[in-house]
Amino acid sequence: MKTIIEPFRIKSVEPIRMTSPVQREKILRDAGYNLFLIRADDVIVDLLTDSGTGAMSSEQWAGIMRGDESYAANSFYRFQDRISELTGFDHVLPTHQGRASERILFELVGGPGKIVPNNAHFDTTRANVEHSGAAAVNLPIPEAVEPHARHPFKGNMNVESLEELIDDVGVERIPLVMVTITNNSGGGQPVSLENLRAVKKVCRHHGLPLFLDACRFAENAYFIKHREKGMSNRSIREIVREMFDLADGATISAKKDGLVNIGGLLLVRDEEMLRRASNLLILTEGFVTYGGLAGRDLEAMAQGFEEVVHDDYLAYRIRSVEYLGEKLMAAGIPILEPPGGHAIYINAAEFCPHIPRDQFPGQAVVCGLYRIGGIRSVEIGSVMFGGSTKSSDAVLTPHSKRQQTGQPLELVRLAMPRRVYTQSHIDYVIESAGELVLRRKELRGLRMIYEPPVLRHFTARFEEI
Ligand code: F0G
């Protein structure tokens, strides 16, 4: 069958409040043309993020009721067993979300003078690296910056650049090498097992630990199974296990492939590191058996990590994102190709060449999609990375040289919450995008009239030019 149906039935529903174009015009104006400042109630299809926005299963809700809230509770040990079985890691620290794991990790290994290479740091990862005093360096492959290059593993790390970097700065300045699977800042693109093995080889040669930022590990494994030579007969679990076997540690936000609304993990192999990380966890998050979460959250996570590796779920998940990408392209909207695992990224500069970069073409597209269909997306371009923000190189900059001069691509991310929307919601998004193509010439640039000093995209205000 060509139609891939949602592999679940719906037991509990949340109403969507419909709005008219006239209402949306006012909502948009009142929010200063910044969709972070619009209430979810005023959004029809919310594609702002795939993080913490997924729907839990009946088994996860059952786990919420089973949650044991006593100290050193059974829920932790069930959770630990599930994660150990999936990843092969014996040492599992729960945290409240991904960035808490990052904060602990880089407090331990970061610091002034240190350099952390990654295929592409996510912004919180970069922020935590930099907060420790260290520098974050992105080392993507050259294809990653070509929006239409159809490399099957565009998230790969540039192994040559990694070796050059180690030679340039010296191994003692690099506390660890990190690989983000899938690469969120680079379009949700996967990393191949072959690439992970090659990175591991370099790490082993230099005695460097390899850490994964494994928020979307299951989506990455699905791409490996279906795109990498010799992988089609292996199970997702086997592939997941090999990815983690190559790593010495991992930070994970369970708000993505953990299929929960809150939660994170820090995985380590080294006993000494475990001891030090546990102390930091206890300092700000909580004891090692709950890490800032409730027992019920651990139950929901344990079950989420089980469900996310199911073939039917992943086939539906990856296909729904791909379907949106294919239809947008057919409608005449340029996207980062090929479609990513969790999101489609519209190339706004290419879509609206009449809007100069300093008038934020991405934000113009975000506003256009909201006006037409009440769809919430997010600009990932000059609004997010321009201005006084430090991370001006965060999106798709391949190498340290470009980091000094490079400008970000002007992207609009449509991120797909997990198990929340059906195909008709996505068809509605596609129809709205078709309308956007017809009205492309009407899209107007924006002027920023309020710019906060840090992370300006969250609270900036604009007016239309
Ligand atoms: N690493 C990656 C690759 C991420 O995408 C995120 C979050 C994090 C780390 C941090 O995890 O939010 O649990 O602290 N990404 C979300 C997004 C926010 O919308 O892409 P967190």
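Numbering of ligands and ligand atoms starts at 1, following listing order. What you are looking at is a predicted structure, and each value in this text was computed from that prediction instead of being measured.
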S.K.: Assess Gly264 for proximity to ligand 1: is some non-hydrogen atom of it under 4.0 Å away?
M.R.: no

S.K.: Short list, please: which atoms of ligand 1 are under 4.0 Å from a heavy atom of Thr124?
M.R.: 8 (C), 9 (C), 10 (C)

S.K.: Within the supplied structure, the quantity of interest is the number of heavy atoms (other residues, nucleotides, ligands) at a distance under 6.0 Å from Lys200 NZ; does it exceed 12?
M.R.: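 Result for NZ/Lys200: enclosed.
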
S.K.: Numbering the atoms of ligand 1 from 1, which are under 4.0 Å from a heavy atom of Arg413?
M.R.: 17 (C), 19 (O), 20 (O)

S.K.: Could you label the plane-to-plane angle of the Phe462 and Phe360 rings as parallel, tilted or perpendicular, counting under 30° as parallel and over 60° as perpendicular?
M.R.: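 Judged by the thresholds at 30° and 60°, the geometry between Phe462 and Phe360 is perpendicular.
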
S.K.: Quick one: which of Arg413, Lys256, Arg418 gives a side-chain hydrogen bond (donor to acceptor under 3.5 Å, both in side chains) with Asp50?
M.R.: Arg418

S.K.: Please compare Met178, Arg99, His342 and report which has the shortest non-hydrogen distance to atom 12 (O) of ligand 1.
M.R.: Arg99

S.K.: Give yes or no for whether the N/O distance cutoff of 3.5 Å, strictly under, is met between Thr49 and ligand 1.
M.R.: yes

S.K.: With only distance considered, is Asp213 within less than 3.5 Å of ligand 1 through an N or O on each side?
M.R.: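 Between Asp213 and ligand 1, an N or O pair is found under 3.5 Å apart.
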
S.K.: Under 3.5 Å, N or O to N or O, is Gly98 touching ligand 1 that way?
M.R.: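 Gly98 vs ligand 1: N/O contact under 3.5 Å present.
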
S.K.: Out of Lys256, Arg216, His121, Arg103, who is nearest to atom 7 (C) of ligand 1 when you count heavy atoms only?
M.R.: Lys256

S.K.: Please determine if Asp50 has a nitrogen or oxygen closer than 3.5 Å to a nitrogen or oxygen of ligand 1.
M.R.: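 So ligand 1 has no N or O lying under 3.5 Å from an N or O of Asp50.
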
S.K.: To the nearest 0.1 Å, how far is atom 18 (C) of ligand 1 from its closest protein heavy atom, and which atom is that?
M.R.: Phe122 CZ, 3.8 Å

S.K.: Heavy-atom distance under 4.5 Å between the side chains of Asp213 and Val179, does that happen here?
M.R.: no

S.K.: Has Arg150 got more than 12 heavy atoms of other residues, nucleotides or ligands less than 6.0 Å from its CZ?
M.R.: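 Yes - once you tally the heavy atoms of other residues, nucleotides and ligands closer than 6.0 Å, there are more than 12.
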
S.K.: Checking a contact table here: which protein heavy atom is nearest atom 13 (O) of ligand 1, and how many Å away?
M.R.: Ser253 OG, 2.6 Å

S.K.: Kindly assign one of parallel, tilted or perpendicular to the pair Phe76 and Phe79, based on the angle between their ring planes and the thresholds 30° and 60°.
M.R.: tilted

S.K.: Which heavy atom of Thr95 sits nearest a heavy atom of Ser101, and at what distance?
M.R.: OG1-OG, 2.9 Å

S.K.: Numbering the atoms of ligand 1 from 1, which are under 4.0 Å from a heavy atom of Lys255?
M.R.: 13 (O)

S.K.: Closer than 4.0 angstrom: is that true for some heavy atom of Glu102 and an atom of ligand 1?
M.R.: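 True for this residue.
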
S.K.: Take a 6.0 Å sphere around CD of Glu160 and say whether it holds more than 12 heavy atoms from other residues, nucleotides or ligands.
M.R.: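 Counting other residues, nucleotides and ligands, CD of Glu160 stays at 12 neighbours or fewer.
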
